[in-house]
*Asks:* 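One structure, as structure tokens, below. Some questions next.
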Amino acid sequence: MPRVLVSSVIRATDKGESHGGAYLVDVATGAVEQKLDWSDPSIDWAGRGGDRGLRGIAFHDDLIYMAASDEIFQFDKGFQRQAAFGNRYLKHCHEICIDGGMLHATSTGFDSVLTLDLASGRWTDGYSFRFAQVGGRRLMPRRLRRKFARPQRPLFNRFDPTADGGPNPGDTTHINSVSAKGGSLFVAGRAMARLVAVEQGRPETFARIPYGTHNAQPFRAGVLLNHTNTDCVSYLDRDGRQLGSWPVVRYDREQMANADLSEDLARQGFGRGLAVIDDHTFVAGSSPATVTLYRFDAPEPVKHVNLTMDMRNAIHGLEIWPLE
């Protein structure tokens, strides 16, 4: 059983309260060690833009990279901040990944994915995935797109993230997933209903997926993702047919703090954060902040570790800890 590094965000918090942080979780023993507190006044979180918490996580050359809303922070193994990377087109970042020394970050507030060359610290590429709009509105509202067997394809545009002429702020696809495998970049969003593969700057639909997902990524011969709308982890074939499903851990209402909040503020079972160990085992996150180990051939969770029973506290980023 692995150790994992997770980030969490706390919804519906007031000024002066903790807004989340980063935790090292030992799945085998259940030990939890907080490494960063977003509300720590001794840390200069310049660039956070007033938004809550840390998000996506990635590792490269014994360094840790964690996303905030509009900056990527670099830490050493002791979680001492080393650098920060911002960009005019980076806003409401969700997930990040690193492949071949290139960091890819979702910029949900610009319907985009941005690429950072870690060796030079230079932003080198940008890809936008945006539904056509008329008068500031989506050309086809999401509720109508869901009625079609083949959802509307977002418009794709490649741009220079260091120059003028990139996309305007906007969130039509809600891009929240990015991963890399076999030389391709894989991108998805809650409103896209597809996992898109970008290879040599050209996009192709890799698989059909449901609306309302997080962490969509190639797995075995299909796609593994958090189907957040149905409170489960799902394995789908590339036509979108569900081949496997594993439930999110749930708790009795009496066990949880802040359980009386409305669901538009916070709810239990919100699945986000997903890391594959191998073809048979994976780890996923949910709320209240819980890390769960699954096996492909087991219908129920194998083991889970709860960080807090505060329903407002949800896992965001989750990655296997490689820095032993």
Side-chain angles (χ1 to χ4, degrees), residues 55-61 65 67 72 87 89-90 93-108 110-120 122-131 150-161 166-167 173-210 213-227 233-241 243 273-279 282 317-320 322:
R55 289 100 184 275
I57 302 168
F59 302 93
H60 182 69
D61 286 348
Y65 294 85
I72 308 298
N87 187 276
Y89 300 109
L90 182 63
C93 181
H94 279 62
E95 292 298 323
I96 62 176
C97 73
I98 296 175
D99 182 52
M102 309 299 280
L103 184 148
H104 308 283
T106 60
S107 180
T108 309
F110 281 87
D111 284 332
S112 298
V113 173
L114 306 180
T115 299
L116 173 69
D117 184 337
L118 294 176
S120 66
R122 175 181 168 82
W123 297 92
T124 61
D125 226 333
Y127 306 104
S128 72
F129 304 81
R130 175 162 285 177
F131 289 118
R150 301 183 72 83
Q152 181 188 16
R153 183 191 298 270
L155 301 175
F156 175 80
N157 182 51
R158 189 175 187 178
F159 63 96
D160 181 352
T173 51
H174 201 77
I175 290 176
N176 58 17
S177 303
V178 63
S179 60
K181 186 175 182 179
S184 293
L185 193 65
F186 295 88
V187 180
R190 282 179 61 89
M192 286 175 64
R194 67 185 71 232
L195 180 62
V196 175
V198 180
E199 186 172 358
Q200 296 182 345
R202 299 177 63 86
E204 294 289 342
T205 296
F206 177 80
R208 305 288 175 184
I209 62 175
T213 69
H214 289 84
N215 314 110
Q217 56 194 273
F219 180 74
R220 291 190 167 194
V223 179
L224 190 70
L225 51 78
N226 265 309
H227 194 191
V233 179
S234 292
Y235 173 61
L236 315 171
D237 68 15
R238 292 177 62 174
D239 290 323
R241 292 184 291 263
L243 304 179
L274 180 64
V276 171
I277 300 172
D278 53 39
D279 273 358
F282 46 92
L318 187 157
E319 293 294 332
I320 307 301

*Asks:* Take Leu103 and His60 through the test side-chain contact (heavy atoms from CB on, under 4.5 Å) and record every step on the way to the result.
*Replies:* CA-CA 9 Å; Leu103 184 148; His60 182 69; over 6 Å; no

*Asks:* Would you please indicate if the ring centroids of Phe129 and Phe156 are separated by under 6.0 Å?
*Replies:*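 Phe129 vs Phe156: aromatic centres under 6.0 Å.
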
*Asks:* Verify the distance criterion only: is there a donor paired with an acceptor across the side chains of His174 and Thr108 at less than 3.5 Å?
*Replies:* no

*Asks:* I'd like to check the side chain to side chain donor-acceptor pair (under 3.5 Å) partners of Arg122; sequence neighbours left out, ordered by chain and number.
*Replies:* none

*Asks:* Any luck finding a side-chain donor-acceptor pair between Ser128 and Asp111 under 3.5 Å?
*Replies:* no

*Asks:* Any side-chain hydrogen bond (donor to acceptor under 3.5 Å, both in side chains) involving residues 179-188? Give me the pairs, sequence neighbours left out, ordered by first then second residue.
*Replies:*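 Applying side-chain hydrogen bond (donor to acceptor under 3.5 Å, both in side chains) to every pair that reaches into residues 179-188, excluding sequence neighbours, yields Ser184-Glu199.
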
*Asks:* With sequence neighbours left out, which residue pairs that include part of residues 184-204 fulfil the ring-ring contact (aromatic ring centres under 6.0 Å, His included) condition?
*Replies:*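 Listed by first then second residue: Phe186-Phe206.
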
*Asks:* Residues two or more places apart in sequence or in another chain: which of them pass salt bridge (Lys or Arg N to Asp or Glu O under 4.0 Å) with Asp117?
*Replies:* none

*Asks:* Please list, chain by chain and in numerical order, all residues satisfying side chain to side chain donor-acceptor pair (under 3.5 Å) with Asp61, sequence neighbours excluded.
*Replies:* none

*Asks:* Donor-acceptor pair, distance only, cut-off 3.5 Å: does the side chain of Asn87 make one with the backbone of Leu114?
*Replies:*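 Side chain of Asn87 to backbone of Leu114, a donor-acceptor pair under 3.5 Å: no, none is there.
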
*Asks:* Under the rule for side chain to side chain donor-acceptor pair (under 3.5 Å), what residues qualify as partners of Arg241, not counting sequence neighbours?
*Replies:* Asp237, Asp239

*Asks:* Decide yes or no on side-chain contact (heavy atoms from CB on, under 4.5 Å) for Asn157 and Arg130, but give the supporting numbers first.
*Replies:* CA-CA 8 Å; Asn157 182 51; Arg130 175 162 285 177; over 6 Å; no

*Asks:* Any side-chain donor paired with an acceptor under 3.5 Å for His94 and Thr106?
*Replies:*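 Side-chain D/A pair, His94 to Thr106: absent.
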
